[in-house]
Amino acid sequence: MSEDRILALRRQLNQYNYEYHVLDHPTVSDAEYDQLMRELITLEQQHPELFDPNSPTQRVGGQVLEEFNKITHKRPMLSLGDVFNKEELFEFARKAEAEVGPVEYCCECKIDGLAMSLNYQGGRFQYAVTRGDGVVGEDVTHNVRTIKSIPMEIEYEGELEVRGEVYMPKASFERLNQKRRENGEEEFANPRNAAAGSIRQLDSKVAASRGLDALWYHVPQGPQLGHHQHSESLDFIHSLGFRINPLNRLCRNIEEVWQFVEELTLMRSDLPYEIDGIVIKVNDYEKQQQLGFTAKTPKWAIAYKFPAEEAVTRLENIFVTV
Ligand SMILES: CC(C)(CNC(=O)c1ccc(Oc2ccccc2)cc1)c1ccc2c(N)nc(N)nc2n1
């Protein structure tokens with residue numbers, strides 16, 4: 001029966017997407033994947049009554065919007081306070097530990113992309129919304145659907161929100177600017193601008209061509225799922241089929257956090273994506289609750305920011321030309 005075949009093909013192709021884009025471990029050849037996809041496209045054309053926006057066939061884009069709708073976040077997407085050196089970082093830790101005693105920290109790369117919130121209901125992807133001003137963002141569902149490492153179906157029946165960063169890998173950025181140079185178009189200044197420009201395309205075929213990816217780090221339901229960011233929350237997000245950053249690290253104290261900062265400072269240029277800092281979070285949710293928030297930012301998390309690279313490059317140029 002065609003409907004059974006369509007549902008089976010969708011499940012199978014979603015599984016192959018997960019293996020290829022999340023596990024980096026495909027179990028079928030591209031040829032076999034393409035053949036199944038062609039079969040599903042044909043069957044869906046014969047059965048328009050079975051159209052499903054979450055079908056694997058819809059991930060290549062094709063929807064062109066007139067404008068972006070706005071969506072109000074169910075919970076605010078908070079911003080982070082910044083620190084710029086070791087002294088300020090240690091002061092952040094001293095203040096937190098003065099209030100709640102010794103704490104462990106979860107350290108995560110601060111990917112230089114754009115913050116995104118995904119909504120799922122009944123195990124199915126519903127919409128994606130940008131951070132915007134933290135309260136209201138733009139509905140970019142049609143473009144986020146083309147990011148193949150984002151699952152369209154998850155094993156979670158209730159309503160779930162997952163937050164993270166959509167970004168353009170350095171390799172995609174180089175390819176895109178190479179193409180723009182060849183077409184005499186203006187190049188993007190950096191991967192962050194390129195990602196923001198791509199996710200704000202009204203034509204999802206353009207977004208689909210940009211090689212965007214995403215990494216996830218927050219579920220507002222976190223405290224209901226366990227007691228720590230690392231690793232219950234991160235493991236939960238990963239178990240649902242989302243990509244999380246393997247570089248996330250649990251640090252037993254602020255000295256270990258500083259070791260991690262020094263390590264990442266050295267390896268930053270070799271990463272496949274740009275980072276503009278490291279996010280350091282008090283790992284225990286009860287202690288996060290005790291520390292609370294300022295007007296706009298958590299008192300239990302901080303962003304350690306790297307010195308801006310282009311500034312360093314410019315200085316080098318000045319010395320070189322002199
Ligand atoms: C820590 C948090 C701000 C997420 N947390 C939240 O957004 C958040 C939001 C409401 C919360 O609780 C409230 C619930 C209702 C009202 C107010 C707060 C708790 C956390 C954040 C922000 C940016 C991040 C980034 N660029 N990279 C990584 N790796 N992690 C990041 N983490």
Side-chain angles (χ1 to χ4, degrees), residues 71-84 89 92-93 96 100 103-119 128-137 159-168 190-192 195-196 199 212-238 242-251 257 260-261 264 268 271-306:
I71 293 180
T72 301
H73 297 292
K74 292 180 171 26
R75 297 173 187 83
M77 285 185 74
L78 303 176
S79 48
L80 287 165
D82 293 338
V83 293
F84 298 92
L89 177 62
F92 158 77
V100 298
V103 294
E104 293 184 328
Y105 296 93
C106 173
C107 295
E108 305 169 7
C109 289
K110 192 172 180 297
I111 309 280
D112 207 359
L114 59 156
M116 190 66 62
S117 180
L118 306 178
N119 182 280
V129 50
T130 62
R131 183 180 178 286
D133 62 7
V135 178
V136 178
E159 176 161 22
L160 183 80
E161 204 178 334
V162 183
R163 293 176 172 179
E165 202 86 8
V166 167
Y167 65 93
M168 186 175 289
N190 54 57
R192 196 218 160 282
I199 215 72
L212 294 172
D213 210 336
L215 283 164
W216 307 93
Y217 51 71
H218 176 69
V219 278
Q221 298 90 325
Q224 286 83 32
L225 300 162
H227 297 280
H228 310 95
Q229 168 74 355
H230 194 298
S231 57
E232 286 105 315
S233 265
L234 292 170
D235 289 352
F236 173 69
I237 294 168
H238 191 235
F242 294 93
R243 288 183 72 229
I244 61 168
N245 197 324
L247 282 178
N248 295 329
R249 181 172 299 179
L250 177 63
C251 295
V257 169
F260 185 61
V261 168
L264 271 194
R268 177 182 179 200
L271 296 176
Y273 43 75
E274 285 200 350
I275 60 175
D276 61 343
I278 299 168
V279 179
I280 297 102
K281 305 174 180 178
V282 168
N283 195 43
D284 181 283
Y285 283 130
E286 281 74 29
K287 296 189 178 213
Q288 288 186 10
Q289 294 297 329
Q290 286 168 37
L291 287 163
F293 305 85
T294 65
K296 278 183 72 87
T297 64
K299 287 162 68 178
W300 42 266
I302 202 77
Y304 170 87
K305 303 297 285 289
F306 293 119

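As the structure is a computational prediction, the values presented were derived from the model and not from experiment. Read the numbers this way: they start at 1 and go in the same order the structure lists the ligands and their atoms.
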For Trp300, the atoms of ligand 1 under 4.0 Å from one of its heavy atoms are 1 (C), 19 (C), 20 (C)
Mark up the atoms of ligand 1 that fall under 4.0 Å of a heavy atom belonging to Arg163, in ascending order. 7 (O), 9 (C)
Between Gln288 and ligand 1, which part of the residue brings a heavy atom under 4.0 Å of the ligand: side chain, backbone, both or neither? neither
Do Tyr167 and Asp213 make a side-chain contact, defined as non-hydrogen atoms from C-beta onward lying under 4.5 Å apart? yes
Can you find a non-hydrogen atom of Tyr285 under 4.0 Å from ligand 1? no
Please tell me if the side chains of His218 and Ser117 come closer than 4.5 Å, counting only heavy atoms from C-beta onward. no
Test item: Ile278 and Phe306 side chains (from C-beta on) under 4.5 Å apart, heavy atoms: yes
Going by heavy atoms in the side chains, are Asp112 and Ile275 under 4.5 Å from each other? no
Does the residue Pro220 have a heavy-atom contact with ligand 1, meaning some pair of atoms that are separated by less than 4.0 Å? no
How about Glu165 and Leu215: do any of their side-chain heavy atoms sit closer than 4.5 Å? no
Can you tell me which residue and heavy atom of the protein come closest to atom 8 (C) of ligand 1, and the distance to 0.1 Å? His218 NE2, 3.6 Å
Polar contact flag for Ser79 and ligand 1 (N/O pairs, less than 3.5 Å): no
Tell me whether Arg75 is salt-bridged to Glu161, with the criterion being a basic N under 4.0 Å from an acidic carboxylate O. yes
One finds that the ligand 1 atoms under 4.0 Å from a non-hydrogen atom of Glu108 are 28 (C), 29 (N), 30 (N)
Quick one: does Ile111's side chain get under 4.5 Å of Asn245's, heavy atoms only? yes
Taking 4.0 Å as the limit for heavy-atom contacts, which would you say applies to Leu78 with ligand 1: side chain only, backbone only, both, or neither? both
Could you tell me whether Leu80 approaches ligand 1 through its side chain, its backbone, both or neither, with non-hydrogen atoms closer than 4.0 Å? side chain
Would Arg192 and Glu274 pass as an ion pair if we require N to O under 4.0 Å? no
Steps toward side-chain hydrogen bond (donor to acceptor under 3.5 Å, both in side chains) verdict (Gln229, Gln288): CA-CA 10 Å; Gln229 168 74 355; Gln288 288 186 10; 5.6 Å; no
Return the closest protein heavy atom for atom 17 (C) of ligand 1 as residue, atom name and distance. Pro76 CG, 3.9 Å
Numbered atoms of ligand 1 (with element) below 4.0 Å of Cys109, judged on heavy atoms: 29 (N)
Looking only at protein heavy atoms, what sits closest to atom 18 (C) of ligand 1 is Phe293 CZ, 3.5 Å
Donor on one side chain, acceptor on other, Glu232 and His227, under 3.5 Å: no
Is it the case that ligand 1 has an N or O less than 3.5 angstrom from some N or O of Arg75? no
Can you list the ligand 1 atoms lying under 4.0 Å from a non-hydrogen atom of Lys281? 1 (C), 30 (N), 31 (C), 32 (N)
Please work out which of the three classes, parallel, tilted or perpendicular, describes the rings of Phe293 and Trp300, given edges at 30° and 60°. perpendicular
To the nearest 0.1 Å, how far is atom 31 (C) of ligand 1 from its closest protein heavy atom, and which atom is that? Tyr217 CE1, 3.3 Å
Under 4.0 Å from a heavy atom of Glu165: give me the atoms of ligand 1 that qualify, with their elements. 26 (N)
